[in-house]
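Numbering starts at 1 and runs along the sequence shown. Remember, it's 1-based here, ligands and their atoms both numbered in the order they're listed. Being a predicted model, the structure only gives us computed values, none of them experimental.
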Amino acid sequence: MREPGKWVRATSLAELLDRQVIGVDVLGVPVVVYSVDGEVFATYDICSHGKARLSDGYLEGREIECPLHQGTFDVCTGQAVKAPCIEPVRPFQTKIEHDDVLVFIDD
Ligand code: FES
């Protein structure tokens, strides 16, 4: 039977507000969390185009630029915005509890 998924702490809100982009392993899943204009988003951390960590990329507005070939993704939806990226990266739900940023992990 499939696990229902659960909310897991990814980082502290204070650290995220300070760094804006944080890559973190959450239950074995590479996740990147972003702070954009006071909102928190999360996507899969591995670029859909190749083996690069989006958490090593450059965040401008709501777009993250991959460090390898400079394709971009919308961090709110995971959709690819700029080539060579075409396939989306998976978005994760987020919520804030006290000073913790949580992401929802399921299969
Ligand atoms: Fe990310 Fe190519 S690996 S754009």
Side-chain angles (χ1 to χ4, degrees):
M1 195 168 128
R2 188 178 161 177
E3 291 281 323
K6 58 182 163 184
W7 290 99
V8 181
R9 182 187 184 278
T11 186
S12 77
L13 181 59
E15 186 174 8
L16 180 61
L17 290 175
D18 188 44
R19 292 173 48 190
Q20 306 291 302
V21 178
I22 296 178
V24 60
D25 184 278
V26 182
L27 299 180
V29 179
V31 172
V32 50
V33 289
Y34 313 91
S35 169
V36 178
D37 295 333
E39 290 189 85
V40 175
F41 301 97
T43 69
Y44 197 62
D45 194 15
I46 310 300
C47 182
S48 62
H49 180 251
K51 290 194 168 138
R53 294 241 174 206
L54 297 178
S55 55
D56 292 331
Y58 175 68
L59 181 68
E60 180 162 4
R62 53 188 274 178
E63 284 183 33
I64 184 76
E65 183 184 79
C66 177
L68 199 51
H69 306 114
Q70 289 72 53
T72 67
F73 298 89
D74 184 323
V75 303
C76 309
T77 64
Q79 291 298 313
V81 175
K82 186 176 140 204
C85 301
I86 297 169
E87 297 296 320
V89 286
R90 180 182 171 189
F92 296 94
Q93 295 179 67
T94 63
K95 69 177 179 180
I96 296 167
E97 279 186 2
H98 310 291
D99 185 46
D100 291 331
V101 176
L102 287 78
V103 296
F104 190 78
I105 300 292
D106 63 4
D107 290 337

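Side-chain contact between V32 and V75 is absent, with no heavy-atom pair separated by less than 4.5 Å. L54 is listed as a side-chain neighbour of C66, based on a closest heavy-atom distance under 4.5 Å. Y44 has its side chain within reach of V29: a pair of non-hydrogen atoms, C-beta onward, lies under 4.5 Å apart.
The atoms of ligand 1 that sit less than 4.0 Å from any heavy atom of G50 are 3 (S). Close approach of ligand 1 to L68 is summarised as follows: ligand atoms under 4.0 Å from at least one heavy atom of the residue are 3 (S). Distances below 4.0 Å separate heavy atoms of C47 from the following atoms of ligand 1: 1 (Fe), 3 (S), 4 (S).
At a heavy-atom distance under 4.0 Å, only side-chain atoms of C85, from C-beta outward, approach ligand 1.
When the heavy atoms of K51, H69, R53, E65 are ranked by distance to atom 4 (S) of ligand 1, first place goes to H69.
The environment of E87 atom CD is sparse: at most 12 non-hydrogen atoms of other residues, nucleotides or ligands sit within 6.0 angstrom. No more than 12 heavy atoms of other residues, nucleotides or ligands sit less than 6.0 Å from atom CD1 of I86.
The main-chain N or O of R9 is never found under 3.5 Å from a side-chain atom of D100 such that the two would form a donor-acceptor pair.
Between atom 1 (Fe) of ligand 1 and C66 there is an N/O/S contact shorter than 2.8 Å.
In terms of distance to atom 2 (Fe) of ligand 1, the nearest N, O or S atom of H49 is named ND1.
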